[in-house]
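One-based numbering, in listed order, for ligands and for the atoms of each.
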Amino acid sequence: MKFTDSVFKRVEPIWESYMKHPFIQGLGDGTLDEEKFKHWLKQDYVYLIEYARLFSIGAAKSTDLKMMTTYADLANGTLHTEMDLHRSYAKQFNISEEELEQTEPAQTTVAYTSYMLNLAQQGGIENVIAAILTCTWSYSYIGLKLAEIEGVKDHPLYGEWVNMYASEEFSTFKEDCIQLMDTVAEGKTEEELNRLEDIIVKTSYYEYMFWEMAENLETWPVPVK
Ligand SMILES: Cc1ncc(CO)c(N)n1
């Protein structure tokens with residue numbers, strides 16, 4: 001069995017819980033509160049800046065040219081294709097690109113990106129892809145599941161979101177990440193694989209917390225100027 005198949009079995013209950021989360025349910029039935037979506041949008045924009053940085057670390061740590069090209073393409077896809085979705089929504093909400101970029105990351109955003117960046121700096125290429133995998137894969141999982149709902153892709157506000165994450169292009173990003181993970185997992189000891197699996201479980205929990213952050217409009221405890 002491929003490493004990613006056995007990991008999927010382990011994280012599936014966490015991923016199933018995303019589909020029951022009020023934020024995702026709201027995206028699916030179109031009732032999601034716009035303020036919650038805007039909070040997600042802004043937090044996700046600054047998240048994606050760090051995410052693109054992770055792909056770039058992946059490019060720097062690559063052990064061959066093919067791998068380096070894939071990481072560079074994924075960084076490019078994040079900075080252009082995926083972040084264009086966010087910039088397009090921001091425009092609809094009259095949020096400028098500067099405001100989007102200057103978003104103060106909430107505690108969950110800081111915790112999640114710091115966790116991934118710390119792992120990526122410490123180890124080899126296997127840490128980088130293990131840290132990244134859940135992000136792309138779980139959004140593709142959610143996008144494809146939501147796309148099964150009748151009429152969801154035509155929703156005036158949230159249709160664009162579902163169309164992006166259910167798109168062929170995004171499915172290709174996911175497949176590339178899965179393949180990168182399985183390639184570096186080859187020949188690793190059981191202990192090493194367990195360590196990588198733990199990273200994927202942790203990031204799966206962080207993804208849940210990111211939905212919670214958006215749903216609860218999370219900020220820092222005591223506001224300061
Ligand atoms: C928090 C988060 N995880 C994953 C993705 C998909 O790239 C995203 N945009 N945001």
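- The protein heavy-atom contact nearest to atom 3 (N) of ligand 1 is E207 OE2, 2.6 Å.
- Without hydrogens or angle criteria, Q25 side chain to M19 main chain gives a donor-acceptor distance under 3.5 Å.
- Using a 4.5 Å heavy-atom threshold, the side chains of Y45 and R87 count as touching.
- Applying the 4.0 Å criterion to heavy atoms of Y165 picks out, from ligand 1, the atoms 9 (N).
- Under the 4.0 angstrom criterion for non-hydrogen atoms, Y206 is not in contact with ligand 1.
- Between F8 and W15, the distance from one ring center to the other falls under 6.0 angstrom.
- Set against the non-hydrogen atoms of E82, the atoms of ligand 1 under 4.0 Å away are 6 (C), 7 (O), 8 (C), 9 (N).
- Residue D44 has at least one heavy-atom neighbour below 4.0 Å for each of these atoms of ligand 1: 1 (C), 2 (C), 8 (C), 9 (N), 10 (N).
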Go through W40 and F37 one step at a time and tell me if the ring-ring contact (aromatic ring centres under 6.0 Å, His included) criterion holds. CA-CA 5 Å; W40 171 84; F37 186 70; 5.6 Å; yes
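- Distances shorter than 4.0 angstrom occur between a heavy atom of Y51 and an atom of ligand 1.
- With a 4.0 Å cut-off on non-hydrogen atoms, T78 does not touch ligand 1 at all.
- The distance between the ring centers of Y206 and F210 does not fall below 6.0 angstrom.
- Checked against the 6.0 Å centroid threshold, Y165 and W161 count as a close aromatic pair.
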